[in-house]
Amino acid sequence: MAIISDDDNNIKFNNTKNDNIAMEETSYDMSFESNIRPKHFNEYIGQEALKSTLKISIEAAKKRDLPLDHILFYGPPGLGKTTIASVIATEMNTNIKITSAPSLERPRDIIGILMTLKAGDILFIDEIHRLNKISEEILYPAMEDFYLDMTTGKGQTLKSLRIPIPKFTLIGATTKAGALSGPLRDRFGIIHRLEFYTDDELTKVIQRTAKILDIQLDEKGAHAVAKRSRGTPRIANRLIKRVRDYAIVKSNGIITDKVANMALDILQIDKFGLDNTDRALISIIADKYSGGPVGIETLATALGEDVKTIEDVYEPFLVQKGFIQRTPRGRKLTPFACKCFNLNSFDVQQSLF
Ligand code: ADE
C-alpha cells in the first residue's frame, strides 16, 4: 500500500503494489476504526497537554492564514498518533493524506505524494524513522522552503530544477524518536510525546466506543476493561469487543465488572493488563538470567520475538509500570516485579538487591 489518500477528509486507500490481502484487512480495520475514531478535539479523550498546545497552534495558524508548523508525534503504538493527526485535519478544515515510511521506498513515491498536495494539506507519514536517506533528503527542502530539488538529463545536459510545491504540513509519527536523524527532527516545529492513558481516561474511551457500537456496559464494567488495557485505547477498543462476545454467550449481553473480569481471565490478560508474552518476558529474565541484566538480543532470541517488537510493543508498558528497568548492561527486573510475581528465588534476589 503506497498512499492512503483523502479528498474530503475521509481516509481512502490507494493500493499500488501486490498487497491486496493487506489492503483488505486494513480496509476492514479502518472502516471499523473510522466509526469509533474521534473527529474533533471535543470527542478525543486524554492527551490533555498535547490538545492544549495543538488548539493554540491551530487557532494561530488559522488567524495567520498559514498552514500549521510540521509536527512530530512519538510514543508507543496504539496511543492515537494517526487519530490526532486526523483530528487536526478536521479542525484545520483541510485534507489529510496518510502514508507510512516503508511505502516510500523509491524517490518517485515521496515526490508523487508531494506533487499532489494542495495548499494547507496535511501529509501524515507513519513510522517516519524508517524513511530512507534519499526520501529524507527530498523532504528537507520540501519541509523547509516548499520546493523539490530535481535533476533532468545526463552529463552535459544535466540540469537541476527547483519545483515549488504548495505550503503543507507534515505530521510524522514514530515509536522511536531517537531513531530519527538530527536534520529531520530539527525540521519539525512541534515535537510531542503521546502518553499512556489513565484508567479513568480509558474508561471514558470504552464508554464512548460502547455507545457507538451499541455495546451494553455499566461503569464498573468499563473500568474493569480499562484497568487491563495497558494504558492504550487501541487495546481497550479491541478488548471491549471480545468482552462483548463473552457477555452475549455467557451472560445477558451486559458487561458488568464481574463479566469483564471473567472474560479477561479467559483471554489470559491479568490484573495488570499483561498478556502471555509480557509474563513470558518477565519469567525468562527471572528464570534464565537471574533477574537480569540481560541484553535485548538475547532476550528476543529466548522469547522468540524480534527485538523491534519487544522494544516497541512490550517494553514501554513494562518499563512504565515499573516491572522492568533498562540499564546500560541490559534489561533487569525490578523489586516491584519480584513482589507482584512472587519471584523471590535466591538467584533473582541476589541480582536485584
Ligand atoms: N478511540 C481511540 N482513541 C480515542 C480517544 N483518545 N478518545 C476517544 N476515542 C478514542
Side-chain angles (χ1 to χ4, degrees), residues 4 6 9-11 25-58 71-92 96 98 100 122 124 126-127 171-175 190-219 221-245 255 260 264 267 269 273 275 312-313 316-317 320:
I4 306 169
D6 179 17
N9 215 352
N10 293 312
I11 294 161
E25 283 174 4
T26 315
S27 296
Y28 172 80
D29 286 351
M30 291 296 283
S31 68
F32 164 74
E33 282 289 317
S34 65
N35 272 342
I36 59 169
R37 184 171 274 187
K39 300 197 171 43
H40 293 273
F41 278 127
N42 59 7
E43 299 168 284
Y44 190 101
I45 296 151
Q47 309 295 343
E48 297 304 328
L50 171 59
K51 282 190 295 191
S52 306
T53 311
L54 288 175
K55 279 179 192 169
I56 292 174
S57 303
I58 288 173
I71 306 171
L72 179 68
F73 292 135
Y74 67 99
L79 299 187
K81 294 186 276 290
T82 314
T83 305
I84 198 103
S86 306
V87 168
I88 293 171
T90 315
E91 299 284 353
M92 283 294 293
I96 180 165
I98 300 180
S100 76
I122 291 175
F124 179 83
D126 203 6
E127 297 188 78
I171 302 184
T174 177
T175 49
I190 302 169
I191 300 183
H192 219 289
R193 183 188 147 83
L194 273 83
E195 304 293 343
F196 282 114
Y197 290 60
T198 64
D199 290 349
D200 284 346
E201 288 168 344
L202 279 189
T203 302
K204 288 189 189 131
V205 170
I206 290 167
Q207 286 170 321
R208 178 179 177 275
T209 302
K211 203 167 161 198
I212 295 168
L213 300 182
D214 211 10
I215 297 173
Q216 285 180 280
L217 88 173
D218 65 22
E219 183 160 357
H223 195 70
V225 179
K227 275 199 333 211
R228 301 204 206 184
S229 297
R230 50 191 312 147
T232 308
R234 186 185 291 161
I235 296 180
N237 283 337
R238 196 174 69 215
L239 289 182
I240 193 63
K241 290 192 290 165
R242 299 289 69 79
V243 175
R244 171 208 50 202
D245 295 349
I255 301 172
L264 294 165
L267 292 169
I269 294 162
D275 64 15
D312 292 355
V313 179
F317 185 69
Q320 202 249 357

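Just follow the structure's listing: the first ligand is 1, and inside any ligand the first atom is 1. Along the sequence shown, residues carry numbers from 1.
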Kindly compute the distance separating OH (Tyr74) from OG1 (Thr175), expressed to the nearest 0.5 Å. 12.5 Å
For ligand 1, which atoms sit closer than 4.0 Å to a heavy atom of Tyr197? 6 (N)
Might you work through the side chain to side chain donor-acceptor pair (under 3.5 Å) test for His223 and Thr203, ending with a clear yes or no? CA-CA 5 Å; His223 195 70; Thr203 302; 3.1 Å; yes
Is the shortest distance from a heavy atom of Pro38 to ligand 1 less than 4.0 Å? yes
Spacing of CD belonging to Gln47 relative to CD1 belonging to Ile84, to within rounding of 0.5 Å: 7.0 Å
Do any heavy atoms of Val205 fall under 4.0 Å from ligand 1? yes
Quick one: which residue pairs count as a salt bridge (Lys or Arg N to Asp or Glu O under 4.0 Å) with a foot in residues 192-207, not counting sequence neighbours? Arg193-Glu195
Would you give me the side-chain donor-acceptor pairs under 3.5 Å for residues 50-57, sequence neighbours excluded?
from  : atom 1 : to    : atom 2 : distance (Å)
Lys51 : NZ     : Tyr44 : O      : 2.5
Lys51 : NZ     : Gly46 : O      : 3.3
Lys51 : NZ     : Glu48 : OE2    : 3.3
Ser52 : OG     : Glu48 : O      : 3.0
Thr53 : OG1    : Ala49 : O      : 3.0
Ser57 : OG     : Thr53 : O      : 3.1

Residue-level breakdown please: for Glu43 versus ligand 1, do any non-hydrogen atoms fall below 4.0 Å on the side chain, on the backbone, on both, or on neither? backbone
Ignoring angles and geometry beyond distance, decide whether Pro233 reaches within less than 3.5 Å of ligand 1 through its nitrogen or oxygen atoms. no
Numbered atoms of ligand 1 (with element) below 4.0 Å of Asn237, judged on heavy atoms: 1 (N), 2 (C)
